[in-house]
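Computed from a predicted model, the values in this text were never measured in an experiment.
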Amino acid sequence: DGCGHTVLGPESGTLASINYPRTSPNSTVCEWEIRVKPGQRVQLKFGDFDIDDSDSCHSSYLRVHNGIGPNRTEIGKYCGFGFQMDGLIISKSNEVTVQFMSGIHTSGRGFLAAYSTTDKSDLITCLDNASHFSEPEFNKYCPAGCVIPFADVSGTIPHGYRDSSSLCMAGVHAGVVSNTLGGQINVVISKGIPYYEGSLANNVTSEVGPLSTSLFTFKTSGCYGTLGMESGVIPDSHITSSSILEWPNQTGQVNIWKPENARLKRIGPPWAAFISDEHQWLQIDLNKEKKITGIVTTGSTLAEHYYYVSAYRILYSDDAQKWTVYREPGMDKDKIFQGNTELYQEVRNNFIPPIIARFFRINPIKWHQKIAMKVELLGCQFSIGRAPKITLPPPPQNKNDEKNADFMDDFIHSVKTSLQTDKTTFTPEIKNTTVTPSVTKDVALAAVLVPVLVMVFTTLILILVCAWHWRNRKKKTEGTYDLPYWDRAGWWKGMKQFLPTKSAEHEETPVRYSSSEISHLRPREVPTMLQTESAEYAQPLVGGIVGTLHQRSTFKPEEGKEASYADLDPYNSPIQEVYHAYAEPLPVTGPEYATPIIMDMSSHPSTPLGAPSISTFKAAGNQAPPLVGTCNKLLSRTDSASSAQALYDIPKGQLGPSSADQLVYQVPQSVAHPSGSKD
């Protein structure tokens, strides 16, 4: 009478003393006989051990034996409060006897242990939780029988389970392992969430839980998609039932709770049987064979009709004629599934191993008031390879071939038997997708490669754009104004006068000139050279831009419709000193502006006598440049390209302005007006 929670499976199981985890009663005894497949051995692991050792294991103890019966041999005898057994107890055969003796004592919880075959090297007990392991991901083997009333589970799928939950019991709740068979779990640890929901699944009630630092989920390949009840993929004609509830309401209208109403999460009444007995059923035709891994049910979902099914059986068939009741492997009894405990809550049950069938039938066993329910099936498509084709040899022609014929018959029989055995012993892979979605290797590789490729292509595009932009800028800046070969030293101080400036209407051309070609010319020959070798100078930048002359550059006048001063004789002035036709290079500590060009406008053919000579540049120092004559009028130019006045005289002999008033040059910045000029 000292046996507590006990589940003895074919490959694993769980056993505990009576009243565990409370104090076991006095003078009790229990003996467990464990058998596994021949050729295998048994390993025993303790999850908790707390047995009174006041009399040195004389009256209270746990004893383990090799074998069963009178020929068994003792492996060890154990007792002690909080006894820690680091290793496993391993038998020498496939049979083990565990004997628990409880004498007179005042304290002691007893024990809880798990067993499995020795090929399950990662065996854990039903009491282990995620906090006992430091790895972020690990594989463990859960024994059968971990649905225990003294273990806690908090959370649900797919959000995850609180880290204080029992790993194996949560695995049963998630549908990863069977409580009857046990199985392998792949656990993934992640950051906790503030709130854990509760639910009922596989006869395990998960409680609502508070915030935790971490949670765990189960990694699995999965086969838990919905099969079409809620979505409508399964047509109404494929949903039938044993009977239909019809009844008139208070207004006299007849309500019919048809089988097609049994779609999960559909608004409205459910399917209900006309007669509530154990012979009623709801049948679903999936149109072809499917792998069915689970079922979700609710009650009527109508507050005024508190109907639901609390227990049911599952039957399946390939032809809707011969039906098979679902049983767990190794069991000789039909499995009874726990249904709903109220009319709203969704309750899930998983099939381990899955059901392979086309026709699926639910047979209610227990209900509240009336049989009424809504349903969704979980699973995926099922496909199996075709059997190889058998080529028969020709029949024997004489008696000498009878031996060969007998041999071929035996061979064909063996092939057929092997095919039949393969088909009947085929066990579909147990999968689950109701947990946190798993990431396969291909998806993980794609998740890494796609962002990397996007970054690489984006970087290449940016490099090409920057190179193109830099090249365009280089084309605009290079070669516009070449440094004279005689001004290589101190080029940085004079660089500003050669930098390009914006032009509103004209495109710049490179300047090409040489001091040696100009210095040997007489003063009168300089204008001629300026006219004949017009391509050797840049176009002026003063057309339509105010304030461009402060860039400290001297240009040859622009050819075209606008007037220029190229035809003027720059040396026909009272000042006999010869000036170059271009600006002198700036010294290191020289003035801010280039040396001015003094032009005698009186010698121009189209200019009236007495026209004043005008300088367009600021002289060295702070003084205004000396002027020959007086300037009659200075005008400010406008930004309009169609200004009525030309800014320069007309080059190459073209007719210039009719009067000196129309001959206007840009006034440089900071130039003091002569006293004789007009405002």
Side-chain angles (χ1 to χ4, degrees), residues 1-21 24-52 57-80 83 85 87-103 108-121 123-127 141-151 168 172 177-183 327-333 335:
D1 56 355
C3 301
H5 174 75
T6 301
V7 175
L8 303 181
E11 293 185 346
S12 64
T14 301
L15 51 150
S17 58
I18 190 171
N19 284 350
Y20 180 86
S24 58
N26 294 329
S27 303
T28 57
V29 64
C30 182
E31 192 171 280
W32 294 267
E33 295 179 351
I34 301 172
R35 291 181 178 89
V36 296
K37 294 179 181 179
Q40 295 182 331
R41 294 187 298 165
V42 179
Q43 59 184 3
L44 191 68
K45 181 171 184 172
F46 290 97
D48 189 18
F49 194 96
D50 191 63
I51 298 176
D52 184 12
C57 298
H58 180 69
S59 60
S60 298
Y61 56 85
L62 182 76
R63 183 177 289 170
V64 182
H65 300 270
N66 271 315
I68 297 174
N71 296 327
R72 65 191 183 188
T73 59
E74 182 176 312
I75 297 177
K77 186 178 182 180
Y78 313 95
C79 66
F83 177 72
M85 188 173 296
L88 300 172
I89 300 175
I90 301 177
S91 70
K92 295 181 179 180
S93 65
N94 67 321
E95 296 179 342
V96 169
T97 300
V98 178
Q99 185 182 42
F100 171 65
M101 185 71 70
S102 175
R109 294 185 302 274
F111 76 96
L112 181 138
Y115 76 89
S116 72
T117 55
T118 52
D119 57 334
K120 311 295 191 301
S121 59
L123 173 68
I124 60 175
T125 70
C126 304
L127 300 179
Y141 184 82
C142 287
C146 278
V147 177
I148 48 181
F150 42 84
C168 295
V172 175
V177 294
S178 167
N179 182 57
T180 305
L181 301 174
R327 294 179 179 178
E328 289 182 312
M331 300 296 170
D332 55 358
K333 294 182 180 180
K335 180 175 176 61

Residues Cys126, Cys146; criterion disulfide bond (SG atoms under 2.5 Å apart); working and verdict: CA-CA 5 Å; Cys126 304; Cys146 278; 2.0 Å; yes

Within-4.5 Å side-chain heavy-atom neighbours: Pro143 and Thr125: no

[X] side, atom [atom1]; [Y] side, atom [atom2] - distance, nearest 0.5 Å:
X      : Y      : atom1 : atom2 : answer
Glu74  : His65  : CD    : NE2   : 5.5 Å
Thr117 : Leu123 : OG1   : CG    : 9.0 Å
Ser178 : Glu328 : OG    : CD    : 4.5 Å
Glu33  : Leu8   : CD    : CG    : 10.0 Å
Asp52  : Cys79  : CG    : SG    : 8.0 Å
Leu62  : Leu44  : CG    : CG    : 7.5 Å

Test item: side-chain donor near acceptor, Thr118 and Gln40, under 3.5 Å: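 The criterion, which ignores hydrogens and geometry beyond distance, is not satisfied for Gln40 and Thr118.
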
Over 12 non-hydrogen atoms of neighbours within 6.0 angstrom of NZ in Lys77: yes

Is a side-chain donor or acceptor of [X] paired with a backbone partner of [Y] at a separation under 3.5 angstrom?
X     : Y      : result
Thr6  : Leu15  : no
Ser17 : Phe111 : yes
Ser91 : Val42  : yes

Ring geometry between Tyr20 and Phe150 (parallel below 30°, tilted from 30 to 60°, perpendicular above 60°):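 Rings of Phe150 and Tyr20: perpendicular, as their planes differ by over 60°.
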
Anything under 3.5 Å between a donor and an acceptor, one on a side chain of residues 94-102, the other on a protein residue two or more places apart or in another chain? List them.
residue : atom : partner : partner atom : Å
Asn94   : ND2  : Val36   : O            : 3.0
Glu95   : OE2  : Arg35   : NE           : 3.4
Thr97   : OG1  : Gly67   : O            : 2.8
Gln99   : NE2  : Glu31   : OE1          : 3.4
Ser102  : OG   : Pro25   : O            : 2.8
Ser102  : OG   : His105  : ND1          : 3.4

